[in-house]
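The basis for the numbers below is simple: all heavy atoms, side chains too, and nothing from hydrogens, waters or symmetry mates. This chain uses plain numbering: 1 for the first residue, then up along the sequence.
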Amino acid sequence: LDFFAGKELIVSCGKGSSTDSGGKRPEIFAINPTICFLCSFQIYNLVICTALFDFSGRCIDQCVIPHEESYTLEDYVNMIVKGIRTLISRNQISPQNIHEFLVGNNGLVDPKEGIIKKTTTSPHWGENIPLKKILEGRLKELSNIRIENLIALVSAHVLANPQMASSRIIVLYWGAGISMRMIDRGHFSYTDSPICGEIENTVIDFSNYKGQH
């Protein structure tokens, strides 16, 4: 505790309650919510959202940018770089204190390699986009950049529920298309589920919405 407190990673929250039998009251510690920060950048159908969070989960600052279908990949990357640097500068945060920069995208994402294989929001960008590598080249001041599928982010609260540890769950995400993921006993199943394989990342043609629906 002294070691982590010395690095300001934890802070004292005061004294807790003693046991029924009495005794010394324990000191309560918690992760310091102001020492590190998380930044997210997510692209939706109509808007692009970037937000800065502290370690207590509180949203400190955010920007909402209208999204145009004509945006190129380069436009998108420029907005990501400008968005994160604006939030860091506006809140006077050192880049070294950004624990993770998370980019969420609709479509099929390889989170290990940071590659967007397909994107349902902007399919004109093409396939197999090495977004993590691109951003690492542009945001050298950030040490941890992660690319994720929005369906995984939406499902995070399910994985955090201990009651779901032994369950199989199918999560359906509706955006510019339909994505489906199976959570099998606490782990995401991407390719070995024939159910999800048939429907995952189906792009909706809004010009024929009635038929698609």
Side-chain angles (χ1 to χ4, degrees), residues 37-53 59-91 93 95 98-156 172-181 188 190-191 196-197 199-209 211-213:
F37 301 87
L38 302 170
C39 187
S40 72
F41 198 98
Q42 300 180 11
I43 180 169
Y44 298 99
N45 300 337
L46 301 177
V47 295
I48 296 171
C49 301
T50 181
L52 188 68
F53 300 88
C59 182
I60 299 171
D61 196 359
Q62 62 181 329
C63 298
V64 180
I65 309 163
H67 175 241
E68 302 290 342
E69 290 185 359
S70 59
Y71 282 160
T72 65
L73 176 62
E74 183 63 23
D75 293 332
Y76 180 48
V77 170
N78 287 335
M79 281 187 288
I80 291 177
V81 172
K82 182 179 179 180
I84 177 62
R85 286 179 174 162
T86 296
L87 292 182
I88 289 175
S89 174
R90 198 155 69 188
N91 294 277
I93 294 172
I98 299 293
H99 175 74
E100 183 175 82
F101 181 36
L102 174 66
V103 180
N105 191 274
N106 278 319
L108 185 60
V109 177
D110 179 351
K112 290 183 179 180
E113 300 296 331
I115 296 173
I116 299 177
K117 293 189 174 182
K118 292 181 180 179
T119 171
T120 57
T121 309
S122 302
H124 60 281
W125 292 351
E127 300 180 358
N128 297 318
I129 303 165
L131 187 59
K132 180 178 180 180
K133 186 176 181 180
I134 294 171
L135 292 176
E136 286 176 340
R138 296 281 298 273
L139 292 167
K140 296 183 184 297
E141 65 269 34
L142 300 182
S143 59
N144 189 15
I145 297 175
R146 184 159 65 95
I147 314 297
E148 265 291 359
N149 186 303
L150 282 178
I151 189 68
L153 304 180
V154 170
S155 308
L172 182 69
Y173 180 83
W174 178 285
I178 299 174
S179 290
M180 182 180 281
R181 288 290 181 269
F188 279 110
Y190 286 97
T191 58
C196 298
I199 198 173
E200 70 175 18
N201 305 304
T202 302
V203 180
I204 297 174
D205 178 5
F206 285 97
S207 65
N208 185 25
Y209 185 76
Q212 294 278 348
H213 182 75

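You'll find the side chain of Phe101 stays beyond 4.5 Å of the side chain of Phe37, heavy atoms only. Looking at Ile84 and Leu139, their side chains come closer than 4.5 Å, going by heavy atoms from C-beta outward. Arg138 places a side-chain heavy atom less than 4.5 Å from the side chain of Asn78. At least one side-chain heavy atom of Leu135 sits under 4.5 Å from a side-chain heavy atom of Val77. Between Lys132 and Arg146, the closest side-chain pair of non-hydrogen atoms is not below 4.5 Å. For the pair Met79 and Tyr71, the minimum side-chain heavy-atom distance is below 4.5 Å. Within the 4.5 Å cutoff, side-chain heavy atoms of Ile116 are placed close to those of Ile147. Residues Arg90 and Cys63 have side chains in contact (heavy-atom distance under 4.5 Å, counting atoms from C-beta outward).
We find that Glu113 and Lys133 are not joined by a salt bridge, their nearest charged nitrogen and carboxylate oxygen being 4.0 Å or further apart.
Closest approach of Ile88 and Ile93 over heavy atoms only: CG2-O, 2.8 Å.
Looking only at distances, no side-chain donor or acceptor of Thr50 sits under 3.5 Å from a matching main-chain atom of Ile80. With hydrogens and angles disregarded, no donor-acceptor distance shorter than 3.5 Å links the side chain of Ser89 to the backbone of Arg85.
For the atom pair CG (Asn128) and NZ (Lys117), the distance works out to 7.0 Å, reported to the nearest 0.5 Å. Atom OG of residue Ser70 and atom NE2 of residue His124 lie 7.0 Å apart, to the nearest 0.5 angstrom. Atoms CG and CD, on Leu142 and Glu136 in that order, are 10.0 Å from each other to the nearest 0.5 Å. Taken to the nearest 0.5 Å, the CD1 atom of Ile60 stands 4.5 Å off from the CG atom of Leu52.
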* Verdict with supporting geometry, Leu87 and Cys39, side chain to side chain contact (heavy atoms under 4.5 Å, CB included) -> CA-CA 9 Å; Leu87 292 182; Cys39 187; 4.2 Å; yes

* To do: Take Leu102 and Glu148 through the test side chain to side chain contact (heavy atoms under 4.5 Å, CB included) and record every step on the way to the result.
  => CA-CA 7 Å; Leu102 174 66; Glu148 265 291 359; 3.9 Å; yes

* **Candidate pair Ile145 and Leu131, rule side chain to side chain contact (heavy atoms under 4.5 Å, CB included), full reasoning** => CA-CA 10 Å; Ile145 297 175; Leu131 187 59; over 6 Å; no

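Every residue two or more places apart in sequence or in another chain was checked for a side chain to side chain donor-acceptor pair (under 3.5 Å) with Ser143, and none qualifies. Considering only residues two or more places apart in sequence or on other chains, Phe53 meets the ring pair (Phe, Tyr, Trp, His ring centres under 6.0 Å) condition with none of them.
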